[in-house]
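In this chain, numbering begins with 1 at the start of the sequence shown. From a predicted model like this one, the values you see are computed outputs, not experimental measurements. Worth knowing before you read on, the calculation uses all heavy atoms, side chains too, and leaves out hydrogens, waters and symmetry mates.
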Amino acid sequence: MNELPQQLVNGLLLGSMYGLVAIGYTMVYGIVQLINFAHGEIFMTGAFGALTVYVYILPDGTSMWVALPLMLIGAIIVAVLVAMGAERFAYRPLRTAPRLAPLITAIGLSLALQQAVWAWYPDAKSARTFPQIPGGPFHVGNVTIQTGDIFLLLAAPVSMAVLGYFVMKTRTGRGMQATAQDPDTAKLMGINTDRIIVVAFALGAAFAAVGGVAYGLKYGQIEFRMGFILGLKAFTAAVLGGIGNIYGAMIGGVVLGIAETLATAYIADLPGMEKFGSQSWADVWAFVLLILVLLFRPQGLLGERVADRA
């Protein structure tokens with residue numbers, strides 16, 4: 001029990017990262033009812049965009065306090081450009097196609113982005129070291145917080161506050177709500193639905209890029225396959241919170257992160273369950289939770305927010 005506060009903080013940090021990526025899944029699905037399985041690779045390209053800024057653009061010896069904002073901008077630019085390109089050239093031509101076609105395209109795009117980074121980035125076959133913020137760790141009672149974790153603790157709530165303001169208070173945000181409810185009626189009201197869909201992809205990519213930088217700061221390294229499993233877990237978080245519900249995506253991510261951390265930490269203490277508490281089983285417990293949610297509450301914790309367009 002002495003370790004419980006630390007495990008809860010670890011789960012909160014992990015869940016916040018899942019939530020940042022899950023926002024992209026839930027926004028795109030809420031508007032165009034597309035499960036963008038390439039979104040995990042958007043997260044990955046954002047992380048490599050940040051690393052590129054640090055390694056190839058900034059002078060050697062640049063302080064991380066100066067470099068971090070520039071790395072974050074670079075990550076967002078790369079991720080947004082990739083997401084907008086995917087929407088324009090991969091998804092938009094298939095918008096009226098059967099739903100299986102864009103789903104298969106998303107899986108293919110996911111693999112293509114992995115291989116593109118692997119081929120383009122030097123030494124991408126192995127994990128690349130990610131620059132770290134100096135200082136720390138910090139101790140609060142029995143809880144230890146690394147310096148990189150502070151970035152994530154600040155980035156997640158700030159991102160949600162910015163997104164909430166944008167969706168509820170801006171003209172484009174209200175256009176997104178209208179398009180999600182009924183795109184045909186939204187067009188009749190003068191809303192450029194194509195532009196709204198691009199904005200949804202771009203916003204989701206920006207938050208995924210923030211998550212990519214947070215991942216690098218937290219774990220100290222990134223690699224070209226990092227987005228696949230994390231993307232699936234973020235999709236699990238979106239379903240858990242209620243697909244189409246942007247606040248549910250973050251809540252689902254936090255719940256998933258805490259559940260995964262606690263399961264990994266404590267299941268091994270149960271009689272006969274020693275081997276099921278290892279880190280290698282962390283991914284399994286995440287998908288076990290997804291199966292349980294789909295069985296007993298398929299609409300998610302906060303409920304779906306997707307209009308019926310049948």
Side-chain angles (χ1 to χ4, degrees), residues 8-27 39-54 63-80 82-83 130-138 140 143-168 173 200-222 226-227 230-231 233-234 237-238 241 246-258 260-261:
L8 290 175
V9 170
N10 292 342
L12 176 63
L13 291 166
L14 185 61
S16 297
M17 192 183 306
Y18 292 158
L20 285 170
V21 183
I23 289 171
Y25 279 106
T26 203
M27 287 181 66
H39 191 61
E41 276 57 52
I42 303 296
F43 158 85
M44 178 268 295
T45 58
F48 273 93
L51 183 61
T52 299
V53 170
Y54 185 81
S63 168
M64 269 299 289
W65 299 109
V66 176
L68 185 58
L70 301 176
M71 291 169 62
L72 191 58
I73 293 171
I76 292 173
I77 290 174
V78 170
V80 167
V82 172
F130 200 87
Q132 298 294 291
I133 301 174
F138 304 97
V140 181
V143 176
T144 300
I145 301 176
Q146 303 295 332
T147 310
D149 295 336
I150 295 177
F151 172 82
L152 184 54
L153 287 174
L154 294 175
V158 169
S159 297
M160 286 304 301
V162 170
L163 180 60
Y165 177 84
F166 179 85
V167 172
M168 301 303 298
F201 272 86
L203 278 175
F207 291 122
V210 174
V213 174
Y215 182 100
L217 293 174
K218 180 174 178 60
Y219 296 109
Q221 59 183 20
I222 59 175
M226 62 186 264
L230 193 139
K233 290 185 180 181
I246 58 175
Y247 300 106
M250 183 59 73
I251 292 174
V254 171
V255 170
L256 178 62
I258 292 175
E260 180 182 325
T261 302

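- In terms of heavy-atom proximity, V80 sits nearest to A202 at CG2-O, 3.5 Å.
- Side-chain N or O atoms of H39 include one that pairs as donor or acceptor with a backbone N or O of V21 at under 3.5 Å.
- Residues forming a side chain to side chain contact (heavy atoms under 4.5 Å, CB included) with A22 (at least two apart in sequence, or on another chain): A234, A237, A238, A249.
- A distance-only check finds no donor-acceptor pair linking the side chain of Y18 to the backbone of V255 [under 3.5 Å].
- Between M71 and P131 there is a side-chain heavy-atom pair separated by less than 4.5 Å.
- To the nearest 0.5 Å, atoms OH (Y247) and OG1 (T26) are separated by 12.0 Å.
- Between A205 and A83, the closest heavy-atom pair is CB-CB, 3.5 Å.
- In this structure T147 satisfies the side-chain hydrogen bond (donor to acceptor under 3.5 Å, both in side chains) test with no other residue, sequence neighbours excluded.
- Looking only at side-chain heavy atoms (C-beta outward), E41 and V82 stay at 4.5 Å or farther from each other.
- When side chains are defined from C-beta on, F48 does not count as touching V78, because their heavy atoms never get closer than 4.5 Å.
- Within the 3.5 Å criterion, the main-chain N or O of G216 finds a donor-acceptor partner in the side chain of Q132.
- Residues G227 and F43 come closest through the heavy atom pair CA-CD2, 4.0 Å.
- Residues passing the side chain to side chain contact (heavy atoms under 4.5 Å, CB included) test with L70, sequence neighbours excluded: V53, L58.
- Summarising the geometry of I23 relative to M160, their closest heavy-atom pair is CD1-SD, 3.4 Å, with the distance given to 0.1 Å.
- The ring-ring contact (aromatic ring centres under 6.0 Å, His included) search around F201 returns Y91, not counting sequence neighbours.
- For the pair M44/Y215, no side-chain contact is recorded, criterion being any heavy-atom separation below 4.5 Å from C-beta on.
- Here I150 contributes atom CD1 and K218 contributes atom NZ; the two are 12.0 Å apart, rounded to the nearest 0.5 Å.
- The distance from atom CG of L152 to atom CG of L12, rounded to the nearest 0.5 Å, is 8.0 Å.
- A distance of 12.5 Å separates CG of L256 from CE of M17, quoted to the nearest 0.5 Å.
- More than 12 heavy atoms of other residues, nucleotides or ligands shown are found within 6.0 angstrom of CZ on F166.
- Judged as a side chain to side chain contact (heavy atoms under 4.5 Å, CB included), and not counting sequence neighbours, the contacts of L68 are M64, I133, F151, V213, L217.
- Listed by chain and number, the residues in a side chain to side chain contact (heavy atoms under 4.5 Å, CB included) with N10 are Q6, Q7, T261 (sequence neighbours excluded).
- No side-chain heavy atom of L8 sits less than 4.5 Å from a side-chain heavy atom of V143.
- Separating the NZ atom in K233 from the CG atom in L14 is a distance of 6.5 Å, to the nearest 0.5 Å.
- Taking both residues in full, the closest heavy atoms of V210 and S159 are given as CG1-OG, 4.4 Å, listed atom of the first, atom of the second, then distance.
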